[in-house]
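Got a structure for you, questions after.
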Amino acid sequence: MRSQALFFLSALMVVGLMTWGLSIVSSVIQKSRSVSVPAPKCGLATLCTADQFPVHVSSGAADIVGPKICFNGKIIMSHVLNNVGLGLNIVVVNISSGSVESSTVLNMKNGAEKDILQRLNSIKPGMMVLVASFGDVTLKMSDEIREAFVGMGSSLVSSLKYRDNWVFVGRGVTGDKSLFEKRSVNDAKTNVYDTYPAVAEVAGCFPKD
Ligand SMILES: *[C@@H]1O[C@H](CO)[C@@H](O)[C@H](O)[C@H]1NC(C)=O
């Protein structure tokens with residue numbers, strides 16, 4: 001009888017010790033996980049690899065809420081930062097160094113066509129270009145201006161119409177078609193806001209080369 005009770009007690013102790021040990025091990029694993037696993041940047045669902053940059057670009061909502069351009073985990077232009085404006089909001093990044101070279105608003109209503117074109121043509125070959133529309137961007141959008149964006153890899157700029165929302169990420173003067181582009185068509189039947197279409201948005205891991 002005594003030996004049975006002893007056996008039972010020691011078995012209980014072993015189980016207790018094992019549970020305690022396991023809980024320590026699992027808490028250590030959890031801790032090391034939360035330390036070593038980085039969170040995806042720019043609100044993406046997945047992590048980008050070392051040869052990609054996380055990007056997330058949203059157009060304006062009607063002519064009320066400004067667009068947002070996130071590059072490599074940092075919001076470069078937004079309504080909240082108060083550095084966006086009606087027209088085309090453009091961030092230029094040196095893709096080799098990952099440094100932001102400029103953020104500009106091109107006024108597509110009151111701006112001069114030749115100034116807009118000059119600004120676009122000054123973007124050096126290979127530079128990364130992130131573009132978000134805010135309000136109508138077609139009033140001053142000449143064929144030459146559309147061609148400049150086609151040269152950066154845009155497919156949709158050629159058919160962009162009055163009050164369409166547009167977001168695009170490409171490369172200066174490469175001619176390679178970009179997969180990072182969305183258009184939200186202004187159509188009274190599908191518009192979210194009365195006279196404006198839904199926000200256009202593009203997000204993902206942009207290749208460095
Ligand atoms: C981009 O950055 C690299 C590395 O810092 C530099 O060598 C290069 O000159 C830069 N390119 C441009 C066009 O400024």
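None of the values given here were measured: they were computed from a predicted structure. Every heavy atom of this structure was used, including side-chain atoms; hydrogens, water molecules and symmetry mates were not. Numbering of ligands and ligand atoms starts at 1, following listing order.
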Find the distance between CD1 (Ile123) and CD (Glu101) and round it off to the nearest 0.5 Å.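 Ile123 CD1 to Glu101 CD: 11.0 Å, rounded to 0.5 Å.
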Tell me whether the guanidinium CZ or amine NZ of Lys182 lies under 6.0 angstrom from the six-membered ring centre of Phe168 and within 45° of its axis.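 Relative to the ring axis of Phe168, which defines the angle, Lys182 lies outside at least one limit.
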Listed by chain and number, what are the salt bridge (Lys or Arg N to Asp or Glu O under 4.0 Å) partners of Asp136, not counting sequence neighbours?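 Testing Asp136 for salt bridge (Lys or Arg N to Asp or Glu O under 4.0 Å), a comparison that skips the adjacent residues, returns none.
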Quick one: pull up CG in Asp115 and NZ in Lys140 and give me the separation to the nearest 0.5 Å.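 Reported value, rounded in 0.5 Å steps: 10.0 Å.
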Extract all donor-acceptor atom pairs below 3.5 Å that involve side chains of residues 148-157 and protein atoms in other chains or at least two apart in sequence.
residue	atom	partner	partner atom	Å
Ser154	OG	Leu156	N	3.4
Ser154	OG	Val157	N	3.1
Ser154	OG	Glu181	OE2	2.5

Could you go through ligand 1 and list every pair where one of its N or O atoms sits under 3.5 Å from a protein N or O, giving the atom names and the distance to one decimal?
residue	atom	partner	partner atom	Å
ligand 1	2 (O)	Asn94	OD1	3.3
ligand 1	2 (O)	Asn94	ND2	2.2
ligand 1	11 (N)	Asn94	ND2	3.0

Any residue meeting salt bridge (Lys or Arg N to Asp or Glu O under 4.0 Å) with Arg183, in chain and number order, not counting sequence neighbours: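 So Arg183 forms a salt bridge (Lys or Arg N to Asp or Glu O under 4.0 Å) with Asp164.
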